[in-house]
Amino acid sequence: MAVAHMLNMHIPPPFNLAATLESGQAHRWQWSNGWYSGVVHGHFLKLRQDNNGIEVRSSIQDTRALTTMLSDYFRLGDDLVEIYKRIEKDSRMSEMIKRYSGMRILRQEPWECLSAFICSATSNLRRIASNMESIADAMGRRITLDGVSRCTFPSAGLVADSGETFLRELGLGFRAKYLAHAASEIARGNLELEELRRMSYRDARARLVDLPGIGPKIADCVLVFSLDKLEAFPIDRWVSRAVGEWYLDGANLKYDEIVRWAHEYFGYYAGYAQQYLFHGKRLDGR
DNA sequence: CCACGGCCTGATTC
DNA sequence: AGAATCAGGCCGT
């Protein structure tokens with residue numbers, strides 16, 4: 001068995017690993033004995049926050065490559081202090097920022113992110129994670145670290161080859177058709193997710209919404225959590241409640257009207273504002 | 001354009 | 001206990 005390599009990586013405060021990994025944006029992190037374990041870019045990683053940043057255990061010996069990968073994944077280029085200044089428009093947001101200070105938006109792999117949010121329709125975090133794990137276990141490549149094994153998330157080509165029926169058997173329900181279709185579009189070369197990264201928010205979103213089973217909410221999630229569109233403002237039931245109760249006094253606005261409001265009110269970093277509203281409202285419950 | 005039922009399925013609620 | 005209800009939506013009518 002391969003030996004685990006260790007790395008201590010400095011991350012300037014504020015940084016909150018737990019809030020970042022458990023705020024519903026990524027779906028394959030598991031907590032056990034003080035460590036978060038997950039698979040990023042085909043590598044099995046274990047992470048633990050310490051005073052200086054994070055401790056990392058992995059099979060990667062090239063510390064420079066690992067540091068670059070994590071810096072990209074955690075979007076360390078985003079200056080949280082500056083972002084807070086821009087979105088802290090009121091005491092409510094101030095409270096959320098204080099409570100979850102250091103929660104970052106991740107830069108996930110687009111295909112995996114798209115898959116997760118296709119699975120998210122009328123589902124819940126536990127089941128989304130279960131679906132993602134089933135897909136990985138069925139088609140991914142098995143990798144081991146510290147005696148534990150996980151699987152990489154399979155390529156769109158592999159998922160396309162597996163087919164809708166197989167995905168249904170994995171428990172995706174009506175979402176199986178949508179995931180199979182998206183996988184097929186990518187495998188055939190009709191859709192290149194990395195191209196969306198270079199497009200404007202509007203154009204990239206229009207391209208995603210074009211796919212069956214992908215509406216504005218799922219598109220916005222993929223755009224903000226994997227394609228660098230920090231102005232995307234996904235509105236699920238929690239964000240809808242938060243905005244309705246805290247800002248719009250129950251006004252019955254439609255999805256894109258709320259998005260427009262969010263852009264005017266929070267500005268470019270509306271996506272970050274959304275993450276704090278979502279996390280806060282969801283943990284408060286009901 | 002708007003409203004509403006239906007969709008898979010597993011956990012939770014009644 | 002067994003049946004409704006509800007989950008980080010979207011589609012078709």
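Values below: all heavy atoms of this structure, side chains included; hydrogens, waters and symmetry mates excluded. Predicted model, so just to flag it, every value in this text is computed and none were measured. Chain letters run A, B, ... following the sequence lines, proteins first, then strands; residues in each count from 1.
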**Q.** N/O donor-acceptor pair, side chain A:Arg127 with base B:dC8, under 3.5 angstrom
**A.** yes
Q.
Ring-plane angle category for A:Trp261 and A:Tyr247, please: parallel below 30°, perpendicular beyond 60°, tilted otherwise.
A. tilted
(Q) Angle between ring planes, A:Phe117 versus A:His27, binned at 30° and 60°: parallel, tilted or perpendicular? (A) perpendicular
Q) To the nearest angstrom, how far is A:Leu172 atom CG from C:dC10 atom P? A) 16 Å
Q.
Taking A:Ile235's backbone N and O only, do any of them form a donor-acceptor pair with A:Tyr255's side chain (distance below 3.5 Å, no angle check)?
A. yes
Q | Between B:dC8 (C1') and A:Leu179 (CG): distance, integer Å | A | 14 Å
Q | side-chain hydrogen bond (donor to acceptor under 3.5 Å, both in side chains) assessment of A:Thr68 paired with A:Arg64 | A | CA-CA 6 Å; A:Thr68 300; A:Arg64 192 179 176 98; 5.5 Å; no
Q: Have a look at A:Leu211 and say if it touches a base, only the backbone sugar-phosphate, or nothing, with a 4.0 Å heavy-atom cut-off.
A: sugar-phosphate
Q: In whole angstrom, give the distance that lies between atom NE2 of A:His181 and atom C1' of C:dC11.
A: 14 Å
Q) Between A:Pro212 and A:Cys221, which is nearer to the 5' end of DNA chain C once each is assigned its nearest nucleotide? A) A:Cys221
Q) Atom CZ of A:Arg168 and atom P of B:dG10: how far apart are they, to the nearest Å? A) 12 Å
Q: With the side chain of A:Lys254 defined as its heavy atoms from C-beta on, choose the nearest nucleotide among B:dC7, B:dC2, C:dG8.
A: B:dC2
Q. Touch check for A:Ser23, heavy atoms < 4.0 angstrom, all strands: base, sugar-phosphate only, or nothing?
A. base
**Q.** P gap between B:dA3 and C:dG8, integer Å
**A.** 24 Å
Q) Looking across every strand, which nucleic acid part, if any, lies under 4.0 Å from A:Leu125 by heavy atom: base, sugar-phosphate, or nothing? A) base
Q.
Using ring centroids (six-membered ring only for Trp), state whether A:Phe74 and A:Phe15 fall under 6.0 Å.
A. yes
(Q) Can you identify which nucleotide, out of C:dA7, C:dG8, C:dC10, has its nearest atom closest to the A:Ile218 side chain? (A) C:dC10
Q.
Quick check: A:Tyr276 with A:Tyr84 (ring centres under 6.0 Å apart)?
A. yes
Q: Mind checking A:Pro216 for me? I need base, sugar-phosphate or nothing, with any heavy atom below 4.0 Å counting as a touch.
A: sugar-phosphate
(Q) Between C:dC10 and B:dC2, how many Å separate the two C1' atoms, rounded to a whole number? (A) 15 Å
Q. Counting distance only, does the side-chain N/O of A:Ser58 pair as donor-acceptor with the main-chain N or O of A:Ile60 below 3.5 Å?
A. yes
Q. Looking for any heavy atom pair under 4.0 Å, which part of the strands does A:Ser120 touch: base, sugar-phosphate only, or nothing?
A. sugar-phosphate
Q) What's the closest nucleotide to the A:Arg237 side chain, out of C:dC10, B:dC2, C:dC6? A) C:dC6
Q. About how many Å separate CZ of A:Phe278 and CG of A:Asp236, when rounded to the nearest 0.5 Å?
A. 5.0 Å
**Q.** A:Asp220 CG to C:dG9 P, straight-line distance once rounded to whole Å
**A.** 13 Å
Q) Touch check for A:Gln274, heavy atoms < 4.0 angstrom, all strands: base, sugar-phosphate only, or nothing? A) nothing
Q: Output the single nucleotide from C:dC11, C:dG8, B:dC1 whose closest atom is nearest the side chain of A:Trp238.
A: C:dG8
Q. Taking N and O atoms by type only, does the side chain of A:Arg175 place a donor or acceptor under 3.5 Å from a partner on the base of B:dC7?
A. no
(Q) Taking Watson-Crick (N1-N3 plus N6-O4 or O6-N4) and G-U wobble (N1-O2, O6-N3), each under 3.5 Å, can you produce the dot-bracket string of DNA chain C? Use [ ] for crossing pairs and | for inter-strand ones. (A) .||||||.|||||
Q.
Any N or O donor-acceptor pair under 3.5 Å from the base of C:dG9 to the side chain of A:Lys217?
A. no
(Q) If I take atom CG in residue A:Asn131 and atom P in nucleotide B:dT9, what distance separates them, rounded to the nearest angstrom? (A) 11 Å
Q: Let me know the distance between CG of A:Asn124 and P of C:dG8, rounded to the nearest Å.
A: 6 Å
(Q) Of the options C:dG8, B:dA11, B:dC1, whose atoms approach the side-chain atoms of A:Arg126 most closely? (A) B:dA11
Q | Spacing of A:Phe174 atom CZ relative to C:dG9 atom C1', expressed in whole Å | A | 7 Å
